[in-house]
Amino acid sequence: MTSRKEPTIYDLAKRLNVSSSTISRALSNHDCVSKKTRKRVVELAEELGYTKNNFASQLRSGKTHTIGVITHNLNSAFITSILTGIEKVASESQYNIIIRHSSDSNEKEIANADILFRKRVDGLIVSLASDTTTISHYNQFVERGVPVVFFDRVQMDAPGVRVVIDNKTAGYKAAKHLIGQGCKRIMHVTGNLSKNVYVDRLQGLRNALAEHDLPFESTQLVVNDLNEQSGIAVAEQILNMEVKPDGLFIVGDLCASLCMQHLKTNGIGIPQDIAIVGFNNDVVSRIVEPKLTTINYSGREMGEVAATNLISKLNGGVPADLNYTIVLASGLIVRDSSLRHRMKL
């Protein structure tokens, strides 16, 4: 049994008695071909089951119409909302996305970068792993002229575009609120301090404490993975402390929620004994009891801004070698976990 031969543009051209270039332009909806001819070509292509050879087209144009995305995980509502924003903008601009995640490992991040480079993505959007200290694995993209956009977890001297929030201001707002609620000994639970997001939030907290002549000792700083187990471990650490904090600023809502629930189970009143502020406004912050005060910033907006700026570079709207930082707004959402009274500062 012989296999059915796939129709080509030459078959369509022969049937319609036009040139193959006319067929190609008609299938690309080019204005130089009349609407009537374009309609005839599309109808015949559908009738014969013609499919465009995208691979050959990519070889000719040097473009794959794909955008690579590397993120440090896929299991948070915040990251999911960022990916939603990226996909929306990419789809509207007729780009596909390839998503890779590093599991917060620099080694896996490097491997993912190499894979996407070999796939010849047109552009790259990246959030760095917590143990990434150098970004030389992205030099190959820069050298090839492939634009790179870093978001959230970035190196501020990285080439390309950086999309972040003002993390110092966010940390300052969180601490200022706790101070306004009467907290004088605030514990800070954060991630790897080699990352901009965590070191800047800590600096914002320190700035607010300094304004009010409040101390910040080494025992008030905890660095961990900000996961479920970390939240419970922090709660256990607090329960074993002779002098407990009266305020907690934890830069992850899941970690903060688990910590709060474990403290409550062991007789700690929230917010009467310890007032708590989280970060990211994840869904868990709105369903835990008491509801969690948190820093809110839109992951979807961050994703849309990252993708929009990348595509602007791809389309020539922004010079490919221009480096700049975009700072997005954030705000404090006050809920019952921290609200001892309504004093305003």
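Heavy-atom basis, side chains included; hydrogens, waters and symmetry copies ignored.
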key: Pairs touching residues 298-317 that satisfy salt bridge (Lys or Arg N to Asp or Glu O under 4.0 Å), sequence neighbours left out   = Arg300-Glu304
Worked check of side chain to side chain donor-acceptor pair (under 3.5 Å) between Asp166 and Tyr172 = CA-CA 10 Å; Asp166 187 341; Tyr172 176 87; over 6 Å; no
Could you grab the distance from atom [atom1] of [X] to atom [atom2] of [Y], nearest 0.5 Å is fine?
X: Gln272; Y: Arg340; atom1: CD; atom2: CZ; value: 8.0 Å
X: Ile82; Y: Ser127; atom1: CD1; atom2: OG; value: 6.5 Å
X: Asp225; Y: Ser130; atom1: CG; atom2: OG; value: 7.0 Å
X: Lys264; Y: Ile270; atom1: NZ; atom2: CD1; value: 8.0 Å
X: Leu48; Y: Arg15; atom1: CG; atom2: CZ; value: 5.0 Å
X: Asp200; Y: Thr190; atom1: CG; atom2: OG1; value: 10.0 Å

task = Starting from the C-alpha separation in whole Å, work towards a yes-or-no answer on side-chain contact (heavy atoms from CB on, under 4.5 Å) for Lys39 and Glu43.
result = CA-CA 6 Å; Lys39 184 173 183 292; Glu43 286 175 349; 2.6 Å; yes
Any side-chain heavy-atom pair of [X] and [Y] under 4.5 Å:
X: Val33; Y: Val41; result: no
X: Ile165; Y: Met302; result: yes
X: Thr71; Y: Phe151; result: yes
X: Pro159; Y: Ile135; result: yes
X: Asp273; Y: Leu263; result: no
X: Glu211; Y: Ile179; result: no
X: Thr66; Y: Lys119; result: no
X: Glu109; Y: His72; result: no

inquiry  = Angle between ring planes, Phe150 versus Tyr138, binned at 30° and 60°: parallel, tilted or perpendicular?
reply    = perpendicular
key: Parallel, tilted or perpendicular: rings of Phe141 and Phe117 (30°, 60°)   = perpendicular
Are [X] and [Y] close enough that a side-chain donor and a side-chain acceptor fall under 3.5 Å?
X: Thr293; Y: His177; result: no
X: Ser105; Y: Ser103; result: no
X: Asn309; Y: Ser312; result: no
X: Glu236; Y: His262; result: yes
X: Ser285; Y: Arg335; result: yes
X: Asn224; Y: Gln229; result: no
X: Lys184; Y: His212; result: no
X: Asn167; Y: Tyr297; result: no

[Y] backbone acceptor or donor facing [X] side chain under 3.5 Å:
X: Asn296; Y: Leu332; result: no
X: Asp246; Y: Cys183; result: no
X: Asp104; Y: Ala129; result: no
X: His188; Y: Leu221; result: no

key: Closest heavy-atom pair and its distance - Val234, Met187   = CG1-SD, 4.4 Å
